[in-house]
Amino acid sequence: MSKHHKTKHLTPEIAAIATPDLTDAVTITEATEATEAADEPQTDQPLPQEPAPEVKQAPIGAVKAEPVHLRGRMTLEDAFQAIGLNCIAQIEANVPGVLKQHVESLHQMRVGLRRLRALLAMFEELAPPPVPLHASIEWLSGELGPARDWDVLADSTIKRVPGIDAQALRQAAHDRATGHHAQILHVLRDARYTELMAQLTDWLGERRWQPEGGLPKDSPLRERAAKSALPLLRTAEKRLAKRIDGLDETDAPGRHRVRIAAKKARYAAEFFRDLLPAQRVKRYLGHLEKLQDRLGALNDLAVADQLLEELKGGSSQVAKQAAYVRGYIAATGQADAQGLSKVLTDVAKRRITR
């Protein structure tokens, strides 16, 4: 599960580009062992003559995804393995921060998991993971989501509402977020999480998707990634265009589906950007990011409305503030959805594969 895990299919070239330097990161086991060692009496050690100097620990920060620098001679299978291991590295690098209930570490851990899920969906016909492994990935995604939703509500959405002192409401949202963060601590110490990360690393490192006897001669995984990745990228583009076609701007679930498709298309382009025309990729990603920003803001409002519904049964003060904020959110959402069609139409025409 750590960066020192070695497998016979993990070449030095792939290892170098797939995982960032996580020297400063610690695993749950290492953190626990360090704490236990500090608590044990050191009976065989001489007493120090002077107090030991205080060792200042580096602050734990969120770890963003490292770029995956693909090589032109790589096969599609090499690229898939390198990208997958890179996603795992981002997930694990943020564990120390999540254990400290660091909000942005949780966000980046979820980003790493979303990137991994997007990659697996992209390769679902070429390298499908075992059903139990896929189920555990979805389990982890479900466990990490609620805390982030409540964090956004408390620290972002409510704060932007003018004309009200919503401190009581913010505190109620913070309390919900704290409860979910505490649940995540149990999740990360659960044997299922440990097994999931070990199995993922083994499945990717050992290329367990290969049938006995190796890949068929006509498998796209055996071809150069620069060529065989193009059909996968086209699929992501077409899926996004299809979701955009005929979308009603006021349809929140429909906007969410477009947002997910845009995110998958963006990740796909980022995964393979080293093998594509640089300027074309840059322009494509720029348009996708603008669309994601618009749709992300609208999605935050939709999620906030659902969460505020859960708080209406609290104290009268919280209930009144929740009702006010929900009214503001409804009006803001309708206004922000106006003019979305122009952005959607523009993105639907964009292509990085020609």
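- Rounded to the nearest 0.5 angstrom, His287 NE2 and Lys349 NZ are separated by 9.5 Å.
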- request: Verify side chain to side chain donor-acceptor pair (under 3.5 Å) between His181 and Asp151, making sure each step is shown before the conclusion.
  value: CA-CA 10 Å; His181 277 282; Asp151 284 335; 2.8 Å; yes

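- Every residue two or more places apart in sequence or in another chain that forms a side-chain contact (heavy atoms from CB on, under 4.5 Å) with Leu230 is listed here: Leu233, Arg234, Leu276, Thr353.
- Among pairs with a residue in residues 293-307, those fulfilling side-chain hydrogen bond (donor to acceptor under 3.5 Å, both in side chains) read His256-Asn299, Asp305-Arg326, at least two apart in sequence or across chains.
- Heavy atoms only, all atoms of each residue included: Gly214 and Gln210 are closest at CA-OE1, 4.2 Å.
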- request: Applying side-chain contact (heavy atoms from CB on, under 4.5 Å), run through Ile164 and Leu169 and close with a yes or a no.
  value: CA-CA 11 Å; Ile164 184 175; Leu169 182 61; over 6 Å; no

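- The shortest heavy-atom contact between Ala82 and Leu70 is CB-CD2, 4.5 Å.
- By the side-chain contact (heavy atoms from CB on, under 4.5 Å) test, Arg273 pairs with Val281, Leu285, sequence neighbours left out.
- Counting only heavy atoms from C-beta outward, the side chains of Leu340 and Leu295 approach each other to under 4.5 Å.
- Judged purely by atom type and a 3.5 angstrom limit, Asn86 has no side-chain atom pairing as donor or acceptor with the backbone of Val68.
- At least one donor-acceptor pair under 3.5 Å links the side chain of Arg170 to the backbone N or O of Ala154.
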message: Please determine whether salt bridge (charged side-chain N to carboxylate O under 4.0 Å, His left out) holds for the pair Glu77 and Arg222, giving the CA-CA distance in whole Å, both sets of side-chain angles, and the decisive distance to 0.1 Å.
response: CA-CA 6 Å; Glu77 184 178 45; Arg222 296 172 65 99; over 6 Å; no

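- Residue Met197 is grouped with residue Leu185 when hydrophobic side chains (ILVMFWY) are merged at heavy-atom distances under 4.5 angstrom, including chains of intermediate members.
- In terms of heavy-atom proximity, Trp203 sits nearest to Pro129 at CZ2-CA, 3.5 Å.
- Under the side-chain contact (heavy atoms from CB on, under 4.5 Å) criterion, Pro132 pairs with Pro130, not counting sequence neighbours.
- A donor-acceptor contact under 3.5 angstrom links the side chains of His174 and Asp155, judged on distance only.
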- prompt: Given Leu188 and Ile184, is the side-chain contact (heavy atoms from CB on, under 4.5 Å) satisfied, shown in steps?
  reply: CA-CA 6 Å; Leu188 296 184; Ile184 290 173; 4.1 Å; yes

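- A donor-acceptor pair shorter than 3.5 Å cannot be found between the side chains of Thr178 and Asp175.
- Residue Leu240 comes nearest to Val258 through the heavy atom pair CD1-O, 3.8 Å, listed as atom of the first residue, atom of the second, then distance.
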query: Given the rule in the side-chain contact (heavy atoms from CB on, under 4.5 Å) test, do Leu76 and Leu126 qualify, once you have shown the distances and angles that lead to the verdict?
result: CA-CA 10 Å; Leu76 187 61; Leu126 298 176; 3.9 Å; yes

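- For the salt bridge (Lys or Arg N to Asp or Glu O under 4.0 Å) with Glu289, the qualifying choice from Lys263, Arg283, Arg266 is Arg266, the only one to do so.
- Linking Ile, Leu, Val, Met, Phe, Trp and Tyr residues whenever their side-chain heavy atoms come within less than 4.5 Å places Leu85 and Trp209 in a single cluster.
- When atom types are taken as modelled, the side chain of Arg255 and the backbone of Glu249 share a donor-acceptor pair closer than 3.5 angstrom.
- Here CG of Leu106 is found 11.0 Å from CG of Leu99. Values are rounded to the nearest 0.5 Å.
- When side chains are defined from C-beta on, Met74 does not count as touching Arg224, because their heavy atoms never get closer than 4.5 Å.
- No side-chain donor-acceptor contact under 3.5 Å links Arg350 to the backbone of Tyr284.
- In terms of the salt bridge (Lys or Arg N to Asp or Glu O under 4.0 Å) criterion, residue partners of Glu310 (sequence neighbours excluded) are, by chain and number, Arg176.
- Here Arg243 pairs with nothing under the salt bridge (Lys or Arg N to Asp or Glu O under 4.0 Å) rule; sequence neighbours left out.
- Checked by atom type, the side-chain pair Gln108/Gln90 shows a donor-acceptor distance below 3.5 Å.
- Listed by chain and residue number, Thr250 satisfy the side-chain hydrogen bond (donor to acceptor under 3.5 Å, both in side chains) test with Asp248 (two or more places apart in sequence, or in another chain).
- Leu120 places a side-chain heavy atom less than 4.5 Å from the side chain of Leu116.
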- prompt: Passes side-chain contact (heavy atoms from CB on, under 4.5 Å), Tyr193 versus Leu140? Steps please.
  reply: CA-CA 8 Å; Tyr193 172 78; Leu140 181 60; 3.9 Å; yes

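- What you find for Ser105 and Asn94 is that their closest heavy atoms are O-CB, 3.5 Å.
- For residues 311-324, the pairs satisfying side-chain hydrogen bond (donor to acceptor under 3.5 Å, both in side chains) are Glu309-Lys312, with sequence neighbours left out.
- By the criterion of side-chain heavy atoms lying less than 4.5 angstrom apart, applied directly or through intervening Ile, Leu, Val, Met, Phe, Trp or Tyr residues, Val152 is not grouped with Leu298; the two fall into different hydrophobic clusters.
- Remark: Ser156 pairs with Arg160 by the side-chain hydrogen bond (donor to acceptor under 3.5 Å, both in side chains) rule, at least two apart or across chains.
- One distance of note links SG of Cys87 with OH of Tyr267; it measures 9.0 Å at 0.5 Å rounding.
- If you take NZ on Lys264 and OG1 on Thr235, they are separated by 12.0 Å, rounding to the nearest 0.5 Å.
- Proximity of a side-chain donor or acceptor of Gln183 to a complementary backbone N or O of Glu143 within less than 3.5 Å is not detected.
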Please tabulate, for side-chain N and O atoms in residues 329-339, each donor-acceptor pair with protein atoms closer than 3.5 Å (sequence neighbours left out).
unit_1: Thr332; atom_1: OG1; unit_2: Tyr328; atom_2: O; d: 2.9

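- In plain terms, the two heavy atoms of Ala173 and Leu311 that are nearest each other are N-CD1, 4.4 Å.
- If you chain together hydrophobic residues whose side chains sit under 4.5 Å apart, Val103 and Leu144 never meet in one group.
- Each salt bridge (Lys or Arg N to Asp or Glu O under 4.0 Å) pair with one or both residues in residues 103-118, not counting sequence neighbours, appears once here: Glu104-Arg148, Arg117-Glu138.
- Atom OG1 of Thr201 and atom CD of Gln199 lie 10.0 Å apart (nearest 0.5 Å).
- Applying the ring-ring contact (aromatic ring centres under 6.0 Å, His included) definition to pairs two or more places apart or across chains, those involving residues 111-143 are Phe80-Phe123.
- Side-chain atoms of Glu237 do not come within 3.5 Å of backbone N or O of Arg351 as any donor-acceptor pair.
- Grouping the Ile, Leu, Val, Met, Phe, Trp and Tyr side chains by contacts below 4.5 angstrom, directly or via other members, places Ile244 apart from Ile260.
- Rounding to the nearest 0.5 Å gives a distance of 10.0 Å between CG of Leu232 and CD of Glu124.
- A side chain to side chain donor-acceptor pair (under 3.5 Å) with Asp78 is found for exactly one of Arg71, Arg207, Arg73, namely Arg207.
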